[in-house]
2 protein chains.
Amino acid sequence: MEQLTDKQHEILTFIADYLRDHQSAPAIREIADHFGFSSPKAATDHVNALVRKGYLLKVAGISRGLRLTADAEELVRGDEGIPVVGDVAAGLPILAIEHIQGFLDMNAMFGNRKGLYAVRVRGNSMVNAGIHDGDHVIVRQSPMIENGAIGVAYVEGDATVKRIYRDGKSVRLVPENDAMDPIVIDETCPDFSVGGQVVGVVRNVR
Amino acid sequence: MEQLTDKQHEILTFIADYLRDHQSAPAIREIADHFGFSSPKAATDHVNALVRKGYLLKVAGISRGLRLTADAEELVRGDEGIPVVGDVAAGLPILAIEHIQGFLDMNAMFGNRKGLYAVRVRGNSMVNAGIHDGDHVIVRQSPMIENGAIGVAYVEGDATVKRIYRDGKSVRLVPENDAMDPIVIDETCPDFSVGGQVVGVVRNVR
DNA sequence: TTTTATACTAATCATATTGACAGTATGTAT
DNA sequence: ATACATACTGTCAATATGATTAGTATAAAA
């Protein structure tokens with residue numbers, strides 16, 4: 001990747017910030033105004049340099065048609081998620097690229113995001129499964145659920161997270177807590193429904 | 001929130017999709033072309049209706065100045081993350097807007113993402129804190145850590161997640177597992193360092 | 001029955017915006 | 001010395017775009 005001058009980097013950053021804040025690229029004259037240029041040509045020259053070096057694209061024929069290339073997004077941002085680092089060899093900084101095994105991207109890690117929702121868990125009925133009071137469980141919305149999987153059940157209007165076992169006639173909602181007992185409900189009960197299967201847990205510590 | 005007609009919903013969806021795919025709003029004429037209108041006025045009318053009903057904003061004086069309001073973003077549910085739903089009243093579909101309390105956005109929920117990294121946890125030394133084998137812990141990189149907080153320690157090149165207590169002379173790495181004992185290390189040990197404080201846990205179930 | 005909202009066609013106007021032309025000046029690599 | 005990239009000023013034509021005026025038709029609400 002070709003090196004950018006300080007000025008070009010400034011201008012690329014301005015364009016990226018503008019795109020993030022305005023959901024739209026700046027006009028050439030807005031770039032010129034921002035940097036105090038009295039001619040749009042000055043901004044055009046910088047933009048053309050950035051296009052030539054592979055950091056910008058110009059969508060021809062439309063207003064505000066500047067777009068960042070993937071390289072530019074990498075340079076100015078880093079929206080791939082949170083880096084996952086592996087074992088750390090002595091001496092190397094933790095976030096050195098050598099350690100990065102991938103990225104945690106919540107928009108991808110639980111599969112197709114359509115049909116996912118999250119519920120905040122209240123109570124400690126699932127502590128043995130590592131689900132604590134205040135955690136969010138990620139749920140794939142579906143009345144079908146693997147037998148014995150952890151899911152969200154709606155009983156009389158209340159949402160509850162439990163292991164769900166069905167045998168055709170009755171449903172057992174089994175907590176993962178030694179101090180609590182399973183709940184058994186008739187399958188045909190009108191006040192019962194399954195909201196979906198838990199596919200993830202997210203916790204904000206403290 | 002005022003109800004949208006089918007046509008208005010279609011047009012709002014088109015605008016939202018266009019914004020996502022092009023990093024820019026469509027021009028009025030592009031909306032008209034997409035729907036086969038022979039006059040831009042038809043698209044203008046729909047857009048004005050959406051503005052009046054609170055789903056769109058027009059940034060005056062610029063090209064491609066259409067923006068989605070928060071309500072519209074909720075309606076078309078773009079990239080804000082996974083919706084968090086609250087209590088569910090009988091009859092209403094789970095993902096109805098009425099239930100949505102917010103969105104889980106990993107890029108925002110742990111604070112400034114700069115300096116965050118994730119480590120996959122091996123072993124069960126922290127099960128009592130709800131951190132299980134295979135979980136990812138989100139770590140805020142810093143050698144400073146609240147006394148007694150859960151953090152990542154590097155001991156002889158290995159990363160380990162423990163509660164970390166320091167008293168100036170020695171460091172105690174305390175597991176959250178009744179079957180395991182604390183490790184005590186001299187503060188001056190050259191093979192020891194703190195990687196950061198755990199601020200979150202993310203688990204992919206099954 | 002009258003009004004109001006929806007859903008358009010057709011044509012025109014004003015302005016936002018880009019792109020190009022014609023220069024100047026400075027520093028750097030060959 | 002002679003290219004060449006950078007870093008600008010100033011102006012103008014062409015086109016992209018939003019906004020408006022004038023009108024048609026349908027259906028629902030007052």
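Throughout, protein chains are lettered first and strands after them, A, B, ... in sequence-line order, and every chain is numbered starting at 1.
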Between [N] ([atom2]) and [X] ([atom1]): distance, integer Å:
X	N	atom1	atom2	result
B:Q3	C:dA5	CD	C1'	15 Å
B:R64	D:dG18	CZ	P	7 Å
A:K58	C:dT17	NZ	P	16 Å
A:I31	D:dA7	CD1	P	15 Å
B:Y18	D:dT17	OH	C1'	12 Å
B:R52	C:dT4	CZ	C1'	10 Å
A:D33	C:dA16	CG	P	13 Å
B:R67	D:dG18	CZ	P	11 Å

Taking only residues two or more places apart in sequence or in another chain, which ones pass side-chain contact (heavy atoms from CB on, under 4.5 Å) with [X]?
X	answer
A:A42	A:F37
A:D6	none
A:S39	A:K41

B:H34 and B:F14 aromatic ring geometry - parallel, tilted or perpendicular at 30°/60° bounds: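 Aromatic pair B:F14/B:H34 classed parallel.
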Results of side-chain hydrogen bond (donor to acceptor under 3.5 Å, both in side chains) for B:E30 - residues two or more places apart only: B:Y18, B:R64
Partners meeting side-chain hydrogen bond (donor to acceptor under 3.5 Å, both in side chains) with A:S125 (sequence neighbours left out):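 A:S125 satisfies side-chain hydrogen bond (donor to acceptor under 3.5 Å, both in side chains) with A:K162 only.
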Position toward the 5' end of DNA chain D (nearest nucleotide), A:S63 or A:T5: A:T5
Selection: residues 36-51 of chain B, any non-hydrogen atom under 4.0 Å of DNA chain D: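 Result for residues 36-51 of chain B: B:K41, sorted by number.
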Closest-nucleotide 5' rank along DNA chain C - winner of A:I62 and B:K7: B:K7
Pair A:Q3-A:K53, side-chain donor/acceptor within less than 3.5 Å: no
Any residue meeting salt bridge (Lys or Arg N to Asp or Glu O under 4.0 Å) with B:D17, in chain and number order, not counting sequence neighbours: B:R20
Residue list, salt bridge (Lys or Arg N to Asp or Glu O under 4.0 Å) with A:R166, at least two apart or on another chain: A:E187
Under 4.0 angstrom between B:R29 side-chain N/O and D:dA16 OP1 or OP2: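 No, outside the criterion.
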Set out, line by line, the N/O atom pairs under 3.5 Å between protein and nucleotides 24-30 of chain D.
none

